[in-house]
Amino acid sequence: LEKMTDLVAVWEVALSDGVHKIEFEHGTTSGKRVVYVDGKEEIRREWMFKLVGKETFTVGATKTKAAINIDAVGGFAYEYTLEINGKSLKQYIENRLKTTNTWILSLGGTDYRIVLEKDTMDVWCNGQKLETAGEFVEDGTETHFTVADHSCCIKAVSSGKRKEGIIHTLIVDNREIPEAVE
């Protein structure tokens, strides 16, 4: 494997199916552009005469749209910005905090990353969308699923406050799991 000599940017992006590493090589003398997602080459362009522009690709199992913008910032300096689903990475992360909950837990020595997509109520575990069963209960809803033979449940209960909205809690083997901050 050739050493990445023109590596100019590295980003880590948390999606429902996992945290993905995006690396970008930009040869400012050759005009070369290479995009790697999780170590796998997605795009390679040699001898680009236009050194600024945009490279678009997808990330992860959900084929999330991504783009790297290459802008000149004077002289021979360049700025590289990553967009996810048409939003800057910062906007994407802020929006994601509102639309998902993430929990990290260890069961039997194995780490699991569980993600709830609040808009669809889809539940992901280590990159796989899980089969779930939802039910209405006295104070809200419960979404049941299994991880490594452990019974899991995400409880959705109204906070009673309009600004806070619904509170989602993950319970595994009758134990509440604290939410992770990614």
Side-chain angles (χ1 to χ4, degrees), residues 1-105 110-130 132 154 162-166 168 170 178-182:
L1 187 76
E2 76 174 61
K3 196 170 175 314
M4 291 193 267
T5 50
D6 294 322
L7 187 66
V8 293
V10 178
W11 296 275
E12 296 226 326
V13 180
L15 300 177
S16 293
D17 70 332
V19 179
H20 299 280
K21 186 175 182 180
I22 298 170
E23 297 167 290
F24 183 56
E25 282 185 51
H26 189 218
T28 52
T29 48
S30 66
K32 175 181 81 171
R33 296 180 191 176
V34 187
V35 176
Y36 298 91
V37 177
D38 299 326
K40 185 176 156 289
E41 189 175 296
E42 289 292 319
I43 297 173
R44 176 177 289 271
R45 301 192 200 292
E46 304 282 355
W47 301 106
M48 298 280 294
F49 292 104
K50 195 167 177 237
L51 292 176
V52 295
K54 184 182 231 176
E55 292 297 337
T56 56
F57 53 99
T58 61
V59 180
T62 54
K63 298 272 181 234
T64 302
K65 288 183 176 62
I68 295 172
N69 294 303
I70 307 149
D71 298 299
V73 288
F76 290 98
Y78 297 88
E79 182 180 75
Y80 308 96
T81 52
L82 179 67
E83 287 179 3
I84 303 291
N85 278 337
K87 294 183 171 80
S88 73
L89 186 58
K90 183 177 183 285
Q91 288 173 316
Y92 173 78
I93 290 167
E94 286 168 1
N95 183 55
R96 193 169 163 72
L97 287 172
K98 293 178 196 141
T99 60
T100 62
N101 287 80
T102 302
W103 296 272
I104 310 283
L105 67 147
T110 303
D111 288 339
Y112 295 94
R113 179 177 177 269
I114 295 173
V115 177
L116 168 68
E117 292 181 354
K118 294 181 202 176
D119 51 352
T120 59
M121 292 306 284
D122 286 341
V123 177
W124 292 76
C125 179
N126 291 3
Q128 302 294 313
K129 196 159 120 182
L130 300 179
T132 62
I154 295 174
R162 206 167 140 250
K163 269 202 175 323
E164 282 177 44
I166 295 170
H168 295 87
L170 175 63
E179 193 174 346
V181 180
E182 289 189 308

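Quick note: residue numbers are just sequence positions, from 1.
- At least one side-chain heavy atom of Arg113 sits under 4.5 Å from a side-chain heavy atom of Thr102.
- Electrostatic pairing of Lys90 and Glu94 counts as a salt bridge here, judged by a charged N lying under 4.0 Å from a carboxylate O.
- Side chains of Trp11 and Phe24 form a contact here, defined as non-hydrogen atoms less than 4.5 Å apart.
- For the side chain to side chain contact (heavy atoms under 4.5 Å, CB included) test with Trp124, the passing option among Leu116, Ile114, Thr100, Thr62 is Thr62; the others fail.
- Using a 3.5 Å distance cut-off with no hydrogens or angles, the side chains of His26 and Tyr80 do pair a donor with an acceptor.
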Full working for side-chain contact (heavy atoms from CB on, under 4.5 Å) between Arg33 and Ile43: CA-CA 8 Å; Arg33 296 180 191 176; Ile43 297 173; 5.7 Å; no
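- Atom CG of Asn126 and atom OG1 of Thr110 lie 9.0 Å apart (nearest 0.5 Å).
- The nearest pair of heavy atoms linking Ala66 to Val59 is CB-CG2, 3.8 Å.
- For Lys118 (side chain) and Lys98 (main-chain N/O), a donor-acceptor pair under 3.5 Å exists by modelled atom type.
- Using modelled atom types, one finds no donor on one side chain facing an acceptor on the other under 3.5 Å when comparing Tyr92 with Glu83.
- Distance CG/Leu89 to CD/Glu12: 10.5 Å, rounded to 0.5 Å.
- Rounding to the nearest 0.5 Å gives a distance of 10.5 Å between CD1 of Ile70 and NZ of Lys54.
- Closest non-hydrogen pair, Thr58 versus Glu42, comes out as O-OE1, 4.5 Å.
- The shortest distance between side-chain heavy atoms of Glu179 and Leu170 does not fall below 4.5 Å.
- Between the Asp17 side chain and the Ala61 main chain, a donor and an acceptor come within less than 3.5 Å of each other.
- No more than 12 heavy atoms of other residues, nucleotides or ligands lie within 6.0 Å of NZ in Lys21, so this atom counts as exposed by the packing criterion.
- Taking each heavy atom of Ser16 and Glu117 in turn, the nearest pair found is OG-OE2, 2.5 Å.
- Side-chain atoms of Met121 and Thr132, non-hydrogen and from C-beta on, never get closer than 4.5 Å to each other.
- Atom-to-atom distance recorded for Ile84:CD1 and Ile93:CD1 is 8.5 Å, nearest 0.5 angstrom.
- The shortest non-hydrogen separation linking Leu82 to Ile22 is CD2-CD1, 3.9 Å.
- The nearest pair of heavy atoms linking Trp103 to His168 is CZ2-O, 3.8 Å.
- Atom CG of Leu51 and atom OH of Tyr78 lie 4.0 Å apart (nearest 0.5 Å).
- Contact record, Arg96 with Leu15: NH2-C, 3.2 Å, taken as the closest heavy-atom pair.
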